[in-house]
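For reference, the structure is listed below as structure tokens.
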Amino acid sequence: MPDLSTFTTLSKQLENEAVTLVAVSKTKPPEDILALYEQGQRIFGENRVQEMIEKHEQLPGDIEWHLIGHLQRNKVKYIVPWVALIHSCDSPRLFREIEKKSAQEGVVTDVLLQFKIAEEDTKYGLDWDTATDFLDSDAFQQSRHVSVRGVMGMATFTENEQQVRREFRKLKHIFDRLKANWFQDKADFQEISMGMSGDYLWAIEEGSTMIRIGSMLFGPRD
Ligand SMILES: *Cc1c(COP(=O)(O)O)cnc(C)c1O
């Protein structure tokens, strides 16, 4: 069961900061999600498509489902009709697939561009050149069914505060440059999704607008 007093304290704290809480419910049962839902939480994050689909089918229709984990192109079609935000748009090919399937469904899908910010080698995420080459391309300029709402990144899993803050600052800097050069007229390009249970306080100080919190709310995962 989730820790309701932690939830209440965190929600109050975030109201003052204008930071959005994504409650990361991966591996947790629907009852745990409902317990936070009853406290007013509506945004839940999952990292596996199949699990998110099952929970979406079982749980109240006004939950906003955020996909925070890697998305394979062949699964895009299952979620675009209802997903609220895809944090993990990490390649031009995936973006093009989201555009294509969203056009077929007649929807506009909100995404964040996921950047590689960890100094250690990580598997997923855009680098600056790949992202900006794509933003300059016709494929991006002509897309009408994907709305880029901001950026997302994951810091290295380490206790080294200076390193984690450096990585968060890198994402904030990427956001600022993209905003100034590619999205200056797009008022809703405004989200910086960074910060998890272990590092969210640093993330907020470094400019996060959206934190993704799992174990601190729901307890450890097996
Ligand atoms: C699991 C996960 C989180 C939440 O991690 P906690 O440390 O449990 O808060 C956040 N973001 C992503 C991408 C995750 O996969």
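Note that ligands are numbered from 1 as they come in the structure, with each ligand's atoms numbered from 1 the same way. Residue numbers run from 1 in the order of the sequence given.
In summary, the aromatic rings of F175 and F189 are positioned with their centroids under 6.0 Å apart.
Checking only distances, S197 does come within under 3.5 Å of ligand 1, N or O to N or O. The shortest N or O to N or O distance between G198 and ligand 1 is not below 3.5 Å.
Listed by atom number, the atoms of ligand 1 under 4.0 Å from R212 heavy atoms are 4 (C), 9 (O), 10 (C), 11 (N), 12 (C), 13 (C). Heavy-atom contacts of I213 reach the following atoms of ligand 1: 9 (O) (cutoff under 4.0 Å).
Contacts of H87 with ligand 1, taken as heavy-atom pairs under 4.0 Å, are absent altogether.
Ligand 1 has at least one atom lying under 4.0 Å from a heavy atom of M154. Contact annotation: R221 has at least one heavy atom less than 4.0 Å from an atom of ligand 1.
Distance check: I192 CD1 to F115 CZ gives 11.5 Å after rounding to the nearest 0.5 Å.
Both cation-pi conditions hold for R177 and W128: the charged atom is under 6.0 angstrom from the six-membered ring centre and inside a 45 degree cone around its axis.
Looking from atom 5 (O) of ligand 1 to the surrounding protein, the closest heavy atom is M196 CE, 3.6 Å. Considering only non-hydrogen protein atoms, atom 12 (C) of ligand 1 sits nearest to I68 CD1, 3.5 Å. Nearest protein heavy-atom neighbour of atom 14 (C) of ligand 1: K26 NZ, 3.0 Å.
In this structure, E120 places its CD atom where more than 12 heavy-atom neighbours from other residues, nucleotides or ligands lie under 6.0 Å away. Other residues, nucleotides and ligands contribute over 12 non-hydrogen atoms within 6.0 Å of the CZ atom of R165.
For the residue pair S25 / E46, a side-chain donor-acceptor distance below 3.5 Å is found, with atom types taken as modelled. Inspection of the Q58 and K55 side chains reveals no N or O donor paired with an N or O acceptor under 3.5 Å.
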